[in-house]
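Below, chains carry the letters A, B, ... as their sequence lines are ordered, and counting in each starts from 1.
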Number of protein chains: 2
Amino acid sequence: MFDQFRDRFPLDDQHWNNYINCFERIEVPAKTILLNEGEISKKLFIIEKGCIRVWFNNNGKDVTFQFFFENQSVASLESFVKKFPSPVVVETIEPSVLWWIHKKDMDRILAEVIEIAQLRDQFINVLFQRTFDYMKHFFSFIKDSPTQRYLNLMEEKPQIVQRVPQHYIASYLGVSTVHLSRIKSKLVHKK
Amino acid sequence: MFDQFRDRFPLDDQHWNNYINCFERIEVPAKTILLNEGEISKKLFIIEKGCIRVWFNNNGKDVTFQFFFENQSVASLESFVKKFPSPVVVETIEPSVLWWIHKKDMDRILAEVIEIAQLRDQFINVLFQRTFDYMKHFFSFIKDSPTQRYLNLMEEKPQIVQRVPQHYIASYLGVSTVHLSRIKSKLVHKK
DNA sequence: GGCAGACGATAACATTTGTTATCAAATGCA
DNA sequence: TGCATTTGATAACAAATGTTATCGTCTGCC
């Protein structure tokens with residue numbers, strides 16, 4: 001699982017093994033809630049197999065706003081970093097195989113690792129990249145129609161369209177399930 | 001202008017003065033374009049007086065997506081950091097007094113300053129905070145009606161409502177100017 | 001002072017999107 | 001296998017929002 005990341009980290013084997021031993025492997029069924037609204041996040045997850053959605057309750061309707069797949073790490077970032085009650089629920093969509101690490105271990109690793117200039121730069125790059133991704137996603141809400149957002153999604157993240165139930169995608173795109181059906185139907189009709 | 005920031009930086013006066021001497025003061029009229037779409041951003045601005053909007057052209061309509069006021073720093077972040085052609089235009093709304101610094105100076109300062117643990121943590125915090133702000137703004141597009149977004153804006157950033165022409169606010173909220181007028185009119189009527 | 005352009009309100013109409021209800025197909029599970 | 005649940009399509013209607021056009025006011029500027 002971790003081998004694929006090994007060469008990005010200029011650490012000796014002892015440190016490296018020490019770090020990856022902090023992770024624990026679990027297997028969970030679909031619809032497992034990994035973090036509930038209002039909880040304070042203590043775990044960071046990495047997905048070996050499966051997928052996860054992050055959503056929140058908006059006046060009784062659930063609104064999905066992120067999807068994660070294999071090899072991605074997942075947490076309610078704001079809650080994990082700042083110890084705020086999580087505004088979101090983290091939940092598996094498919095039966096999944098996950099690795100998790102406790103926040104106190106993660107903090108310790110980060111504190112050590114950030115002294116290494118190269119890793120620090122990687123870390124800062126990741127933070128920038130995350131902001132850019134949000135900006136981009138946000139842009140598309142301002143400028144694109146729901147139909148265009150759906151087309152973008154198929155183009156840019158086909159995994160989501162293929163693996164995720166459609167009603168989750170609808171709320172991710174900011175439309176009702178009925179309307180997403182209409183959008184798909186119109187697209188097929190035009191061909 | 002820079003005194004207000006002085007105590008946050010554990011630097012000796014020589015370094016500090018050296019850094020702030022990299023900034024240059026300019027006065028510009030309203031509707032001055034500081035960075036155009038497609039340009040690569042070389043300057044970071046700090047606003048002493050005035051306000052700035054960041055917008056982009058979407059099929060002939062301009063869409064505003066950020067406002068900045070006194071004491072805030074402004075750049076097309078993605079362009080400034082990654083040297084990409086800017087997707088956005090940076091433009092003054094009011095006649096403004098600005099301080100700017102060239103990217104090559106900023107990079108040098110950052111490289112020096114990031115070795116200081118305390119400043120590095122501040123820097124990382126700013127990056128996190130920026131991401132959280134985007135998430136929050138984005139959330140409100142998914143979950144709130146345009147009316148609610150307008151109410152939030154009045155509550156959270158009254159400066160914008162007070163100082164910025166309404167048609168810019170409309171595109172910032174993701175509605176047409178006509179609809180924003182309707183929203184305001186309904187709110188007044190209900191009182 | 002007067003003029004051009006920017007700004008904002010409003011009306012009428014068009015289009016998009018949401019809501020509710022119903023049905024069919026697929027899926028999971030006992 | 002068979003039943004309950006989930007998922008998705010569609011229709012009919014309601015509500016929200018966009019578009020175009022018109023008008024009045026304000027503002028900066030010569």
From the set [options], return the single nucleotide nearest to any side-chain atom of [X].
X        : options               : result
B:His167 : C:dG8, D:dT19, D:dT10 : C:dG8
A:Ser181 : D:dA9, D:dG18, C:dA6  : D:dA9
A:Val178 : D:dT7, D:dG18, D:dA11 : D:dA11
B:His179 : D:dT17, D:dG8, D:dT19 : D:dT17

To the nearest Å, give me how far apart [atom1] ([X]) and [atom2] ([N]) are.
X        : N      : atom1 : atom2 : answer
B:Ile183 : D:dA16 : CD1   : P     : 11 Å
A:Glu91  : D:dT6  : CD    : P     : 12 Å
B:Lys61  : D:dG18 : NZ    : C1'   : 8 Å
A:Gln148 : C:dT16 : CD    : P     : 14 Å
B:Glu94  : C:dC7  : CD    : C1'   : 15 Å
A:Asp62  : D:dT7  : CG    : P     : 10 Å
A:Tyr168 : D:dT7  : OH    : C1'   : 10 Å
A:Leu187 : D:dT10 : CG    : P     : 13 Å

Donor-acceptor pair under 3.5 Å, A:Arg182 side chain vs C:dG18 base: yes
Residue-phosphate contact under 4.0 Å: [X] side-chain N/O, [N] OP1/OP2:
X        : N      : answer
A:Gln166 : D:dA9  : yes
A:Lys186 : C:dT15 : no
B:Ser145 : D:dA16 : no
A:Thr177 : D:dT7  : no
B:Lys184 : C:dA9  : yes

Which pairs pass salt bridge (charged side-chain N to carboxylate O under 4.0 Å, His left out) with one or both residues in residues 158-172 of chain A, sequence neighbours excluded? A:Glu70-A:Arg163, A:Glu94-A:Arg163
Are the aromatic rings of B:Phe139 and A:Phe56 close, with centres under 6.0 Å apart? yes
Would you say the ring centroid of A:Phe9 lies under 6.0 angstrom from that of A:Trp16? yes
Applying side-chain contact (heavy atoms from CB on, under 4.5 Å), can you list everything that pairs with B:Val28, at least two apart in sequence or on another chain? B:Ile26, B:Thr32, B:Thr92, B:Ser96, B:Leu98
Taking the six-membered ring of A:Tyr168 as reference, does the cationic atom of A:Arg53 (NZ for Lys, CZ for Arg) lie under 6.0 Å from its centre and within 45° of its axis? yes
